[in-house]
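Report on one structure; see the data block that follows.
Here the structure is a predicted model, which is why all the values come from computation and not from measurement. First the proteins, then the strands, lettered A, B, ... as listed; each starts at 1.
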Protein chains: 2
Amino acid sequence: MSTFDKPTNQNVPTPTVENYLKQILMVTLEENGSRVAMGKVATELAVTPGTATSMVKNMERDGWLKYYPRQGVSLTRKGRKVAMNMLRRHRLLETFLVETLGFDWSEIHIEAEELEHAISEKVLEKLDEFLGRPRYDPHGHPIPSKRGTIQRPSSQTLQNCDTGVTVRVESILDQESDFLKFAREKELLPGKAVSVIRSEKLADVITLKIEGNEPFSMGFRSAEKILVV
Amino acid sequence: MSTFDKPTNQNVPTPTVENYLKQILMVTLEENGSRVAMGKVATELAVTPGTATSMVKNMERDGWLKYYPRQGVSLTRKGRKVAMNMLRRHRLLETFLVETLGFDWSEIHIEAEELEHAISEKVLEKLDEFLGRPRYDPHGHPIPSKRGTIQRPSSQTLQNCDTGVTVRVESILDQESDFLKFAREKELLPGKAVSVIRSEKLADVITLKIEGNEPFSMGFRSAEKILVV
DNA sequence: GATACTATTTTGATTCATCAAAGTAATCAT
DNA sequence: ATGATTACTTTGATGAATCAAAATAGTATC
């Protein structure tokens, strides 16, 4: 053994590493803190906390992220680049599944989750071209560019809209199939204009109206998942 | 420990198992012997012989195939079903890559190899529908049906065609990018009519002519890879 | 049939990703 | 601040897939 501690240098991420990176990026984008707590990592990836810790250590060894024990992780430039690319893959695939194959937008998340690891850069490029280089996926999320930049989404949610105002839905922050079905039923879709009929902070409920539909209500917990401008 | 030796029951194949199954099926279809030698398994999957042996033992444990030590393996009904499905995935994906995304047929094999493990039954079904339920892939290979049946391909190759006859190309048995490029250049494609100008057994060479092109020659080794009717 | 060569199997080790359970640090509540 | 709760880390083990190298069986050659 020399001074060097094994050159186990991984410059090519395994699918698992790709998943960790993408998930960490997504949390980073949602919350605005640059460190993601280990607990969050573990639940997002549906593994035990111990697994998350040990994975993250190896990922630090390979230069994907910085690990601050008992505080959390943050991506390095190298890690962020890969993570952005995963997000791009994911969102382009979701677009393809809805636009081309006619899937319902509530059922595509898991499918894309699998495919994003298998699709090569070459196929991705052709797919992008075929789809006409879309800039938003079916949920309204911006698709990162090839160079790894992403449009900052609105930070306003339906939750903090006051009574009387009218806003436009930008995107839906939930991947849950049931919630997406509900949103579709109510026509609470990206691009739609929504009037806030009543917002009751105390009762934790908001009542909405969309052109041509019956008014309906939803709790703040749900309203928080709808980004608007 | 009871009498039972671990219920490590795998009824869901891992991607690796899927690969072994598909590859074994393909060899079974090409040669007409029902046992595939371990050496063949190892080279097809590009692993060391030892690895092949140990994988195959686990696969027998899980009921995917029968293993006859020092003789070879043959698929069980269960294994064949999965293998057929893999072949279906592979060939549908190749069709998609060529027909929809505009790839050259010489560069799609590796791409499909990756995607076939990631695509779900649901997406496969939609894709099949989108493509208009094709029955042949771009190389002319029959696509197995959803129920796992496949059309027996012609067993005649260009190699054993006599001077003077004219035949129709059915499919190309090689996945090698360079060979496929050559075939495309000469328009030696599925569906095309080919006249055998001269077949010289001793010199091991065959001279061909395709409507509207210059005649050209190829060795028997290559001619063997072209199925005709 | 003894020897040589080839095909296959065995053995022992390794890497990746994971879990359960035990240990430790940090934070929260009274 | 002391004790309880929550968050995180460590430890030891496991299964899947692999390799290299040694052992063994089978076949071919003279």
Side-chain angles (χ1 to χ4, degrees), chain A residues 1 5-24 27 31 33 35-74 79 82 86 113-114 117, chain B residues 1 4-24 27 31 33 35-74 79 82 113-114 117:
Chain A
M1 281 304 133
D5 228 13
K6 279 182 192 172
T8 326
N9 223 324
Q10 283 292 63
N11 272 314
V12 175
T14 64
T16 308
V17 167
E18 287 179 343
N19 270 336
Y20 276 71
L21 290 174
K22 188 188 72 170
Q23 227 52 59
I24 291 167
V27 175
E31 314 173 348
R35 291 200 185 162
V36 179
M38 290 311 292
K40 194 83 188 173
V41 174
T43 55
E44 287 293 309
L45 287 147
V47 295
T48 59
T51 300
T53 301
S54 89
M55 258 317 275
V56 149
K57 279 184 181 171
N58 292 331
M59 288 172 71
E60 169 158 72
R61 188 234 304 129
D62 295 339
W64 302 115
L65 42 71
K66 285 274 171 227
Y67 167 48
Y68 307 93
R70 285 179 202 271
Q71 297 190 70
V73 291
S74 69
V82 170
M86 292 314 294
E113 200 90 320
E114 283 302 309
H117 303 292
Chain B
M1 284 299 137
F4 300 105
D5 229 14
K6 281 184 192 171
T8 325
N9 223 324
Q10 284 290 64
N11 273 314
V12 174
T14 63
T16 308
V17 167
E18 288 179 343
N19 270 335
Y20 276 72
L21 291 173
K22 189 188 71 169
Q23 227 52 59
I24 291 166
V27 176
E31 313 174 348
R35 286 191 193 172
V36 178
M38 291 309 293
K40 195 84 187 171
V41 173
T43 55
E44 288 293 309
L45 287 146
V47 296
T48 59
T51 301
T53 302
S54 89
M55 258 317 275
V56 148
K57 279 184 180 171
N58 292 331
M59 287 172 71
E60 169 159 70
R61 187 236 303 129
D62 295 339
W64 302 114
L65 43 72
K66 285 276 171 223
Y67 167 48
Y68 307 93
R70 301 206 122 92
Q71 296 190 70
V73 291
S74 69
V82 169
E113 200 90 320
E114 282 303 307
H117 303 292

Test A:Pro13 against every option in A:Met86, A:Glu18, A:Met59 by the side-chain contact (heavy atoms from CB on, under 4.5 Å) rule and name the one that passes.
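With A:Pro13 as partner, A:Met86, A:Glu18, A:Met59 yield a single side-chain contact (heavy atoms from CB on, under 4.5 Å), made by A:Glu18.
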With side-chain contact (heavy atoms from CB on, under 4.5 Å) as the test, pick out the partner of B:Val56 among B:Thr51, B:Val36, B:Val73.
B:Val73
C:dA17 phosphate, OP1 or OP2: any side-chain N/O from A:Tyr20 under 4.0 angstrom?
no
For D:dC8, take OP1 and OP2 only and decide whether either is under 4.0 Å from a side-chain N or O of A:Thr53.
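No.
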Does the pair A:Tyr20 and A:Thr14 meet the rule for a side chain to side chain contact (heavy atoms under 4.5 Å, CB included), with working shown?
CA-CA 10 Å; A:Tyr20 276 71; A:Thr14 64; over 6 Å; no
With a 4.0 Å cut-off on heavy atoms, is B:Tyr68 in touch with a base, just the backbone sugar-phosphate, or nothing at all?
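It contacts nothing in the nucleic acid.
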Using a cut-off of 4.0 Å on non-hydrogen atoms, how would the nucleic acid contact of B:Ala37 be classed: base, sugar-phosphate, or nothing?
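Sugar-phosphate, no base atom in range.
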Integer-rounded Å distance: [N] [atom2] and [X] [atom1]:
{"X": "A:Gln71", "N": "C:dA26", "atom1": "CD", "atom2": "C1'", "answer": "11 Å"}
{"X": "A:Lys57", "N": "D:dT11", "atom1": "NZ", "atom2": "P", "answer": "8 Å"}
{"X": "B:Lys40", "N": "C:dT8", "atom1": "NZ", "atom2": "C1'", "answer": "16 Å"}
{"X": "B:Arg35", "N": "C:dT8", "atom1": "CZ", "atom2": "P", "answer": "13 Å"}
{"X": "B:Leu45", "N": "C:dT8", "atom1": "CG", "atom2": "P", "answer": "14 Å"}
{"X": "A:Trp64", "N": "C:dA17", "atom1": "CH2", "atom2": "P", "answer": "12 Å"}
{"X": "B:His117", "N": "D:dA17", "atom1": "NE2", "atom2": "P", "answer": "11 Å"}
{"X": "A:Asn58", "N": "C:dA17", "atom1": "CG", "atom2": "P", "answer": "8 Å"}

The side chain of [X] lies closest to which of these nucleotides: [options]?
{"X": "A:Met55", "options": "C:dT18, D:dA16, D:dT9", "value": "C:dT18"}
{"X": "A:Arg61", "options": "C:dC16, C:dA17, D:dT9", "value": "C:dC16"}
{"X": "A:Met38", "options": "D:dT9, C:dT9, C:dA17", "value": "D:dT9"}

Polar pairs (N or O, both sides) under 3.5 Å between protein and nucleotides 23-27 of chain D?
residue, atom, partner, partner atom, Å
D:dT24, O2, B:Arg70, NH2, 3.2

By side-chain hydrogen bond (donor to acceptor under 3.5 Å, both in side chains) - contacts of B:Arg35 (at least two apart)
B:Gln71
Passes side chain to side chain contact (heavy atoms under 4.5 Å, CB included), A:Tyr67 versus A:Ser74? Steps please.
CA-CA 7 Å; A:Tyr67 167 48; A:Ser74 69; over 6 Å; no
Tell me whether B:Glu113 is salt-bridged to B:Lys22, with the criterion being a basic N under 4.0 Å from an acidic carboxylate O.
yes
Just so I know, are the side chains of A:Lys40 and A:Gln23 near enough to count as touching, which here means a heavy-atom distance under 4.5 Å?
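Of all side-chain heavy-atom pairs linking A:Gln23 with A:Lys40, none is under 4.5 Å.
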Identify the heavy atoms of [X] and [Y] that sit nearest to each other, and give their distance.
{"X": "B:Val47", "Y": "B:Ala52", "answer": "CG2-N, 4.0 Å"}
{"X": "A:Thr16", "Y": "A:Met55", "answer": "CG2-CE, 3.9 Å"}
{"X": "B:Ala42", "Y": "B:Pro49", "answer": "CB-CA, 3.9 Å"}

For nucleotides 19-21 of chain D, give me every protein contact, N/O to N/O, under 3.5 Å, one pair per line with atom names.
residue, atom, partner, partner atom, Å
D:dC19, OP2, B:Thr48, N, 3.1
D:dC19, OP2, B:Thr48, OG1, 3.2
D:dC19, OP2, B:Thr51, OG1, 2.7

